[in-house]
Protein chains: 2
Amino acid sequence: MPFSATEENYIKAIYALTHSLGVEHANTNQLSSRLNNKAASVSDMLQRLFEKKLIDYKKYHGVKLTKKGFSVAIQIVRKHRLWEVFLVEKLNFKWDEVHEIAEQLEHIQSEELVKRLDKFLHFPKHDPHGDPIPDIKGIVHELKQVELNTCKVKNKMIFSGVKLHTKEFLQHISNLGLKLREKIEIIHITDFDGLIEVKINSNKKTIHIGSKTASHILVELL
Amino acid sequence: MPFSATEENYIKAIYALTHSLGVEHANTNQLSSRLNNKAASVSDMLQRLFEKKLIDYKKYHGVKLTKKGFSVAIQIVRKHRLWEVFLVEKLNFKWDEVHEIAEQLEHIQSEELVKRLDKFLHFPKHDPHGDPIPDIKGIVHELKQVELNTCKVKNKMIFSGVKLHTKEFLQHISNLGLKLREKIEIIHITDFDGLIEVKINSNKKTIHIGSKTASHILVELL
DNA sequence: ACAAATATTTAGGATAACCTAAATTTTGAT
DNA sequence: ATCAAAATTTAGGTTATCCTAAATATTTGT
């Protein structure tokens, strides 16, 4: 059962949509806009994925991954994230530069390659954006994380992930001086506009984070 | 100018055929058998590669890469061989296990990735089979190597490459105890059948190499 | 509950890359 | 030089993946 890169991208999109929104079903228009294809093309492909038993599909009523489809999705996510770790840790790419390359690498077919890459990288638990890497069994160790904007003054926490993966946002975060897995503490929150002042423990500096930015920042409370 | 993996494979095949045979032109049947496609399909594709100015093509008279096609070919070869080094040196694959994976990886599009991979691997000059890796400018540093079966008794040399890349042959070489870049010396050659007795300097052992095998072994004379 | 708006599917086509069978060109043996 | 064999190309067809336009189903506001 080798699937085409196109099929894999549909599977991944269905996974991402349902998983990130926490819903059962993804619908045609969502897939259409995420994949930059016309809805008609999506409809087409959904029928084929259904025949291959990768999705549950009832016309006009959205799709859901089958067990089989889910496991394909997880393996692609695993590969994508492992390659991102490789690109950042070994090849010194910045975290905002790796997405498109990993989009290609995730389709390389070789179980052995993934196993060895995982080992080479010392079995990382999360990718450069803090997203969890499914283990070889497909088990995802989700962190207990919350959005920074829901935290209170004096809370101490670790910056553990982002909810937005655009170049612009990622560069903004880098420019603020925030680095993944760093310990931070909320010094002050402006009532009026929700501006958050944060101390970065490693360098004793304080920075100011707008509430929109904060809503895309995930932290683990200590 | 991004080319499809299929187009790249045609370019690579044309390069390999002309280069390895030392001839100007490759013909349709050769390509057909190397690519496992029917001659009619090859003919089809050649017209398209011609329109894209990747090859010089006159119907019924074979093909030759243009400057542009040649440079595409070299970049693919470069990527293929760099990835092979990565797979062997970093992920501990054996030299007979890396070909199919590298066939996929060579189509990943990102100049920056190749540059960084090259650096990460310390700018290797040849791949795990001894084939030269074109540098970033596309310059190939060919070694002055000869087939082992053309050498004389008492010659000292370095095992520097193979002319056959099948799993079986590569494993045979490994089983003999030969490793790339090792110093060896010819102890004796049997007149009757060309059997060559070779001393491997590193371990003081002597081994016996059949003449067919020897004809696929490349060495640099010292 | 029903029409308008929205979402989705179907119908009919395009393109890349393959195929088989038939036609054409080149080659090579006499 | 000629003609059969071999090589190559053309013609016509298939599949995967996409498209536009038209048809149909669902949802939503009143």
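First the proteins, then the strands, lettered A, B, ... as listed; each starts at 1.
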Notebook entry, point to check: Using the ring of each side chain (for Trp, its six-membered ring), is B:His80 parallel, tilted or perpendicular to B:His99, with breaks at 30° and 60°?
Noted result: tilted
For [X], answer base if it contacts any base atom (sugar-phosphate contacts may also be present), sugar-phosphate if it contacts only those atoms, and nothing otherwise; contact means non-hydrogen atoms under 4.0 Å.
X: B:Lys59; answer: sugar-phosphate
X: B:Asn27; answer: sugar-phosphate
X: B:Ser43; answer: base

Next item on the list: Determine: side-chain N/O of A:Thr28 to OP1/OP2 of C:dT9, distance under 4.0 Å, yes or no.
Entry: yes
Next item on the list: Would you tell me if any nitrogen or oxygen in the side chain of B:Ser41 comes within less than 4.0 Å of OP1 or OP2 on C:dC18?
Entry: no
Note to self: Do the side chains of A:Glu97 and A:Lys167 get close enough for a salt bridge, i.e. N-O under 4.0 angstrom?
What the structure shows: no
Whole angstroms only, please: what is the [atom1]-[atom2] distance between [X] and [N]?
X: B:Glu51; N: C:dT15; atom1: CD; atom2: C1'; result: 13 Å
X: B:Met45; N: C:dA16; atom1: CE; atom2: C1'; result: 8 Å
X: B:Asn36; N: C:dA17; atom1: CG; atom2: P; result: 17 Å
X: B:Tyr60; N: C:dT27; atom1: OH; atom2: P; result: 12 Å
X: A:Gln47; N: C:dA11; atom1: CD; atom2: C1'; result: 12 Å
X: B:Leu46; N: C:dC18; atom1: CG; atom2: P; result: 11 Å

Note to self: With no hydrogens and no angle check, just 3.5 Å: does a side-chain donor-acceptor pair link A:Glu84 and A:His129?
What the structure shows: yes
Checklist line | Comparing A:Ala39 and B:Asp44 on DNA chain D - which has the more 5′ nearest nucleotide | finding: B:Asp44
Next item on the list: Go through the structure and list residues passing side-chain contact (heavy atoms from CB on, under 4.5 Å) with A:His122, not counting sequence neighbours.
Entry: none
Next item on the list: May I ask you to check whether B:Tyr10 and B:Tyr15 place their ring centers less than 6.0 Å from one another?
Entry: no
Check: Counting only distance, no hydrogens or angles, is the base of C:dC19 paired donor-acceptor with the side chain of B:Asn37 under 3.5 Å?
Finding: no
Check: Centre of B:Tyr57's six-membered ring, under 6.0 Å away, within 45 degrees of the axis: is that where NZ or CZ of B:Lys64 sits?
Finding: no
Note to self: Tell me whether A:Arg181 forms a cation-pi arrangement with A:Phe159, defined as NZ or CZ under 6.0 Å from the six-membered ring centre and within 45 degrees of its axis.
What the structure shows: no
Next item on the list: Under 4.0 Å from any heavy atom of chain A: name the first and the last nucleotide of DNA chain D that qualifies, 5' to 3'.
Entry: D:dA16 to D:dT26
